[in-house]
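The first residue of the sequence shown is numbered 1, and numbering continues consecutively from there. This one's a predicted model, so the numbers in the text were calculated from it and none came from an experiment. Only this structure's heavy atoms are used, side chains among them; waters, hydrogens and symmetry mates stay out.
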Amino acid sequence: MRPRHISNERNVHCMQYKGNPVSKGIAIGDVYLYKPVTPEISEKTINNDAVEETVKQYYDLRDKAQTELLSIRNDLESSGEPDKAKIFAAQETMLLDVAMNAGIEELIREDLLSPECAVQKTYSKFARLLSKSKDEQIRERVADLKDLETRLYRIWFDVNVQDLSSLDKDVVIVAHDLLPSDTARIDRSKILAIVTETGGDTSHTAIIARSYEIPALLGVDKIMEKIADGETVIVDAVTGELHSSPDSSMLEKYGKKREEYKEYSREVKKYLGTEPVTIDGVRIEVHLNIGSADPTELAGSLYTDGVGLFRTEFMYMSGPALPTEEEQFRVYRKAAIEFGERPVILRTLDIGGDKHIEGLKIPIEDNPFLGMRGLRLCFENPSVFKTQIRAVLRAAKYGNLWLMLPMVGSLDDIRKAKAIVKEVKNELSREGIEYKPDVPLGIMIEIPAIAVIADIVVGEVDFASIGTNDLCQYLTAVDRLNPKVTEYYQSYHPAMFRLIGQAASAFNAAGKSISVCGEMGGEPMAAAVFIGLGIKKLSMGLSSVPEIKKLIANLTLSKAKTLAGRVIGCTTADDVELYIKEELKEIF
Ligand code: PEP
Ligand code: MG
């Protein structure tokens with residue numbers, strides 16, 4: 001849904017704060033103010049003759065921290081949580097980082113600093129560097145550094161910490177930020193909701209809150225100063241509001257709302273395993289968006305018609321080295337085997353803009369979203385592009401893989417990419433390596449220019465998928481990441497629906513597959529209109545599947561067409577939203 005601004009509102013009894021609801025739900029409970037102990041580190045030096053001993057003390061400290069990380073990792077792996085175990089594997093890599101350790105050793109040897117001072121100086125320096133990154137995912141690694149730093153102090157000073165794994169009653173956790181080791185061992189049965197001052201949609205806290213289904217409101221400005229330990233609060237992680245010191249009428253109102261929401265979630269979940277067919281018998285395909293071939297991601301295979309978007313770039317972000325052809329081949333093959341005859345759309349590397357990888361030099365640009373991004377960057381780095389295509393073509397023999405190009409702006413882009421794919425096929429044939437020659441090749445429709453000429457483009461490709469996240473950014477000229485212009489990012493702008501309708505008509509007329517795989521594909525209000533515009537294939541994260549299937553089961557194609565016709569005629573995004581909401585109120 002289109003983001004809105006809600007100002008903080010004051011009334012005599014109750015304060016209202018605004019946050020980002022990253023994991024939906026409603027909770028009422030007492031605050032547990034979580035302030036992890038971080039010892040004060042004052043500048044402390046050592047004697048010249050204690051240097052060797054101090055360096056050894058540091059490495060002993062580091063070994064102890066590594067042992068702790070290993071034990072957490074093993075616990076998580078044996079309790080079937082490999083994704084969380086990975087967080088600690090990444091922390092171990094940071095702990096052993098050559099540059100960081102050389103920095104610490106140098107401060108001890110040259111500046112005669114104590115181990116804790118050397119750690120503090122070095123970790124702060126690296127945290128500053130990471131926090132300046134334009135890439136949100138890299139910025140969020142600062143939390144891992146802080147986590148490690150705290151662990152090192154805790155071992156060094158032998159201090160206890162507040163323990164979120166053994167709470168004695170149900171609470172709403174309010175914290176500046178939660179570190180990965182806080183969230184990984186959290187006692188989920190006692191946590192009613194999580195509220196933090198920092199953290200975005202892709203932060204550890206958000207990911208873990210969603211997977212545990214704990215309501216979470218992140219980015220609530222200075223909430224630690226405004227709220228007291230033990231105070232009762234209402235967390236509405238549906239609308240993104242927090243109410244402190246609620247009066248009895250508020251408690252009653254939200255108590256009802258909470259039960260209604262729980263009932264709603266229970267009811268919606270029943271749709272997860274159902275066939276997505278409209279009342280008048282039209283089968284709509286529901287596909288999955290994934291970022292890896294991990295078991296947790298592939299679990300959605302049980303309920304979906306295929307993978308509508310595999311964001312392969314995440315594989316390139318997990319370490320300093322680029323994934324090899326063999327590594328990629330194994331991942332793609334796993335996805336292909338899992339889905340069998342059902343299609344798995346692999347999007348080629350879409351890096352640049354907001355996403356960076358260590359292994360590829362991406363130029364610093366004033367307008368990175370308009371610069372070297374996606375396909376353009378692949379053209380600049382043909383060997384990286386070719387390696388990926390080789391892996392895809394080889395893995396395609398094991399299932400039904402499709403190849404999709406991101407950030408396509410013109411026919412030239414498509415023809416250039418096709419020539420490269422042809423080259424790769426020739427190379428594989430020459431080398432006598434087995435591959436599938438007829439892998440469908442398609443494009444993301446996310447640059448408006450390509451949507452406008454969809455009727456021309458359709459002759460050049462096998463399929464297309466509409467990336468509404470970027471399409472909205474480029475169509476409305478609003479940076480999708482800039483919080484200052486959030487209210488201008490109008491994904492329900494009538495222009496979006498007109499353009500999507502135009503592209504859908506062009507592909508339908510040619511009998512070629514067209515889907516929507518941006519966030520709007522998983523939003524019931526938008527999806528209803530897309531179906532009316534001729535889209536028969538929607539792709540989304542697993543958590544959106546039940547709601548979309550519920551929509552489909554309660555919709556007729558004629559109603560969807562009426563909706564679409566009216567939306568195309570609306571004048572503003574607000575009109576569009578109000579109208580759809582009214583029309584779908586009996587379903588949602
Ligand atoms: C999109 O732009 O809508 C999309 C699906 O791709 P991403 O969000 O990865 O840019
Ligand atoms: Mg995109």
Side-chain angles (χ1 to χ4, degrees), residues 22-24 73 76-77 79-90 136-137 140 180 183-184 201-213 269 272-273 285-319 323 327-351 355 357 388 391-392 395-396 398-404 406 444 465 467 469 515-519 521-522 537-549:
V22 297
S23 173
K24 282 191 182 172
R73 236 172 88 187
L76 290 167
E77 262 157 15
S79 61
E81 301 183 277
D83 278 355
K84 274 180 231 138
K86 267 194 205 154
I87 298 173
F88 295 93
E136 191 186 350
Q137 299 225 349
E140 275 160 4
T183 42
D201 220 29
T202 55
S203 62
H204 293 308
T205 311
I207 292 163
I208 283 169
R210 278 197 291 268
S211 80
Y212 285 169
E213 298 185 353
K269 270 202 193 129
L272 182 61
E285 290 183 33
V286 173
H287 291 247
L288 205 57
N289 289 354
I290 59 175
S292 76
D294 286 354
T296 40
E297 296 250 39
L298 295 182
S301 147
L302 276 176
Y303 316 107
T304 48
D305 296 306
V307 172
L309 172 65
F310 187 149
R311 288 182 164 98
T312 60
E313 55 272 12
F314 290 110
M315 205 182 354
Y316 291 72
M317 290 176 177
S318 58
E327 281 164 349
Q328 294 189 53
F329 167 73
R330 281 197 293 272
V331 171
Y332 304 152
R333 184 180 55 181
K334 203 164 148 200
I337 292 171
E338 173 65 40
F339 282 85
E341 286 175 4
R342 292 169 292 166
V344 173
I345 301 183
L346 295 174
R347 178 174 74 183
T348 57
L349 182 60
D350 185 13
I351 218 78
K355 297 182 196 128
I357 49 178
Q388 181 168 37
V392 175
Y398 297 84
N400 186 10
L401 297 184
W402 297 12
L403 193 59
M404 179 160 73
M444 295 274 304
S465 189
N469 308 339
S515 59
V516 174
C517 66
E519 293 311 301
K537 183 169 169 182
L538 299 161
S539 194
M540 65 211 70
L542 183 58
S543 62
S544 302
V545 170
E547 247 186 345
I548 291 295
K549 286 194 175 179

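What you find for N289 and S539 is that their closest heavy atoms are OD1-OG, 2.6 Å. The minimum heavy-atom distance linking V516 with S465 is given by the pair C-OG, 4.1 Å. Nearest heavy atoms, P406 versus R347: CB-CD, 3.7 Å. Residues S301 and E338 approach most closely at OG-OE2, 2.9 Å, considering heavy atoms. Looking at every heavy atom in both residues, Y332 comes nearest to A395 through CB-CB, 3.6 Å.
Atom CG in L349 sits 5.0 Å away from atom OH in Y316 (nearest 0.5 Å). Between C517 atom SG and M404 atom CE the span is 4.5 Å, to the nearest 0.5 Å. With rounding to the nearest 0.5 Å, the separation of CG in D350 from CZ in F314 is 9.5 Å. For the atom pair CD1 (I345) and OG1 (T312), the distance works out to 13.0 Å, reported to the nearest 0.5 Å. From T304, atom OG1 reaches atom CD of E285 across 11.0 Å, with rounding to the nearest 0.5 Å. Distance check: K269 NZ to K549 NZ gives 14.5 Å after rounding to the nearest 0.5 Å.
Looking at residues two or more places apart in sequence or on another chain, you find no salt bridge (charged side-chain N to carboxylate O under 4.0 Å, His left out) involving E327. Annotation: side chain to side chain donor-acceptor pair (under 3.5 Å) contacts of E519 (sequence neighbours excluded): none. Among residues two or more places apart in sequence or in another chain, the side chain to side chain donor-acceptor pair (under 3.5 Å) test is passed with S23 by none.
The shortest distance between side-chain heavy atoms of V307 and L346 does not fall below 4.5 Å. The shortest side-chain heavy-atom distance between F339 and L298 falls under the 4.5 Å cut-off. Taking the side chain as every heavy atom from C-beta outward, F310 and V331 approach each other to under 4.5 Å.
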**Audit row: V545, M540, side-chain contact (heavy atoms from CB on, under 4.5 Å) steps and yes/no** = CA-CA 7 Å; V545 170; M540 65 211 70; 3.9 Å; yes

**Prompt:** Could you walk me through whether F88 and E77 pass the side-chain contact (heavy atoms from CB on, under 4.5 Å) check?
**Reply:** CA-CA 11 Å; F88 295 93; E77 262 157 15; over 6 Å; no

**Message:** The test is side-chain contact (heavy atoms from CB on, under 4.5 Å); show your working for E341 and N400 and say whether it passes.
**Reply:** CA-CA 6 Å; E341 286 175 4; N400 186 10; 5.6 Å; no

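Heavy atoms of other residues, nucleotides or ligands lying less than 6.0 angstrom from NZ of K537 number more than 12.
Judged by distance alone, the side chain of E297 and the main-chain N or O of G291 form a donor-acceptor pair under 3.5 Å. Using modelled atom types, no side-chain atom of R342 and backbone atom of H287 make a donor-acceptor pair closer than 3.5 Å.
For the pair R333 and Y398, the distance from NZ or CZ to the six-membered ring centre is under 6.0 Å and the angle to the ring normal is within 45 degrees.
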